[in-house]
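The structure's right below; bear with me while I get my questions together.
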Amino acid sequence: MIGQQKIIDDILSSAKSTAAAMIEEATAEQEERLSDIRAELENSQAESLAKAQAEADSVYTGMVKLGDLEANKALLRAKQQCLSAVYDGVKQKILAAPDAEYLKILQTLIAKYAENGDEIIAAKRDSKRVTESWVKKVGTAAKRKLALSKETGDFEGGIVLRNGKFDRDLTVDAIVGELKERTVSDVIAKLGL
């Protein structure tokens, strides 16, 4: 788990600088939109000066509010993209981990969640890493009888534990999704979003 935390910390660090750039870009976009809207409003106000002042004020106020809403939407999209980048980075870091580190993560998950008699379904891309001999070694260490399925999973990485009662999804997507649920508020705070 220490390796996972280091991976997460590294990604959070790089994501924070990426987030700052994205927020700066969104803020500039917001200012540009507000500037454009204000320019439009000033032109409209000049043309309609002969009309009632109340109508001109109403149009101006409505357009500014609309501009603020659009700018806030752009900022929200940037924040969402930033968060997605953080968790996509975590996922890619896990998938790209060296074999020993990656298999250690899987072994930890198996030790925690596997039941006696479970069948391990590995991702197609992991067929050279998750082997029958590795499954036997992990099963022995976990004091459980485990078997490697001949079936491979149509997922990017991780495993699925299958038994007669249910399947336990321990794919990288599921792991990162669960991590996101637990940590999204902390990540938002650390990134200053």
Side-chain angles (χ1 to χ4, degrees), residues 1-22 76-193:
M1 287 304 187
I2 293 171
Q4 283 181 326
Q5 186 59 45
K6 181 177 180 341
I7 291 171
I8 291 168
D9 290 346
D10 289 347
I11 291 171
L12 286 175
S13 176
S14 72
K16 190 166 189 171
S17 61
T18 302
M22 291 174 82
L76 178 61
R77 277 192 304 273
K79 287 179 179 183
Q80 288 170 335
Q81 288 173 342
C82 180
L83 277 174
S84 290
V86 168
Y87 290 101
D88 287 346
V90 170
K91 176 182 169 181
Q92 293 311 314
K93 200 108 178 184
I94 292 170
L95 291 172
D99 287 353
E101 190 175 328
Y102 181 79
L103 291 174
K104 182 69 174 159
I105 292 168
L106 295 184
Q107 183 175 359
T108 302
L109 292 169
I110 290 169
K112 185 173 182 179
Y113 296 108
E115 295 181 5
N116 209 20
D118 277 353
E119 184 178 45
I120 296 174
I121 301 171
K124 286 178 187 173
R125 70 182 272 174
D126 290 340
S127 62
K128 292 184 177 158
R129 298 202 264 194
V130 179
T131 62
E132 283 191 43
S133 63
W134 181 81
V135 169
K136 281 187 178 191
K137 181 178 94 170
V138 170
T140 302
K143 297 181 181 165
R144 292 179 190 92
K145 184 177 179 182
L146 304 172
L148 179 62
S149 175
K150 293 183 192 293
E151 174 187 349
T152 57
D154 191 21
F155 43 88
E156 288 186 80
I159 58 171
V160 171
L161 296 175
R162 176 173 286 163
N163 62 36
K165 297 178 246 173
F166 57 86
D167 290 354
R168 186 174 302 264
D169 186 355
L170 299 175
T171 62
V172 173
D173 284 330
I175 294 164
V176 172
E178 189 272 332
L179 175 70
K180 183 177 183 179
E181 285 180 27
R182 287 187 296 114
T183 62
V184 72
S185 58
D186 292 338
V187 171
I188 289 170
K190 283 183 180 180
L191 294 175
L193 301 175

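What's counted below: heavy atoms across the whole structure, side chains too, no hydrogens, waters or symmetry copies.
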Scan the side chains in residues 149-161 for donor-acceptor partners under 3.5 Å anywhere in the protein, sequence neighbours excluded, and list what turns up.
residue : atom : partner : partner atom : Å
S149    : OG   : E151    : N            : 2.9
E151    : OE1  : R162    : NH1          : 3.0
E156    : OE2  : K91     : NZ           : 2.4

*Work out which heavy atom in D118 is nearest to a heavy atom in Y113; give both atom names and the distance.*
OD2-O, 4.4 Å
*Taking atom types as modelled, is there a side-chain donor on T171 or D169 under 3.5 Å from an acceptor on the other?*
yes
With a cut-off of 3.5 Å and sequence neighbours excluded, list every side-chain donor-acceptor pair involving residues 139-147.
residue : atom : partner : partner atom : Å
T140    : OG1  : K136    : O            : 2.8
R144    : NE   : A114    : O            : 2.8
R144    : NH1  : A111    : O            : 3.2
R144    : NH1  : A142    : O            : 3.1
R144    : NH2  : A111    : O            : 3.4

*Please say whether more than 12 non-hydrogen atoms of neighbouring residues, nucleotides or ligands are located less than 6.0 Å from NZ in K104.*
no
*Can you sort out the partners of E178 under side-chain hydrogen bond (donor to acceptor under 3.5 Å, both in side chains), two or more places apart, ordered by chain and number?*
R182
*For L148 against V130, the heavy-atom pair lying closest together*: CD2-O, 3.5 Å
*Please name all residues satisfying side-chain hydrogen bond (donor to acceptor under 3.5 Å, both in side chains) with D99, sequence neighbours left out, ordered by chain then number.*
R129
_Side chain to side chain, L179 and I175, heavy atoms closer than 4.5 Å_ = no
*Sequence neighbours excluded, which residues qualify as side-chain contact (heavy atoms from CB on, under 4.5 Å) partners of K165?*
E115, N163
*If you round to the nearest 0.5 Å, how far is CD1 of I110 from CD1 of I120?*
3.5 Å
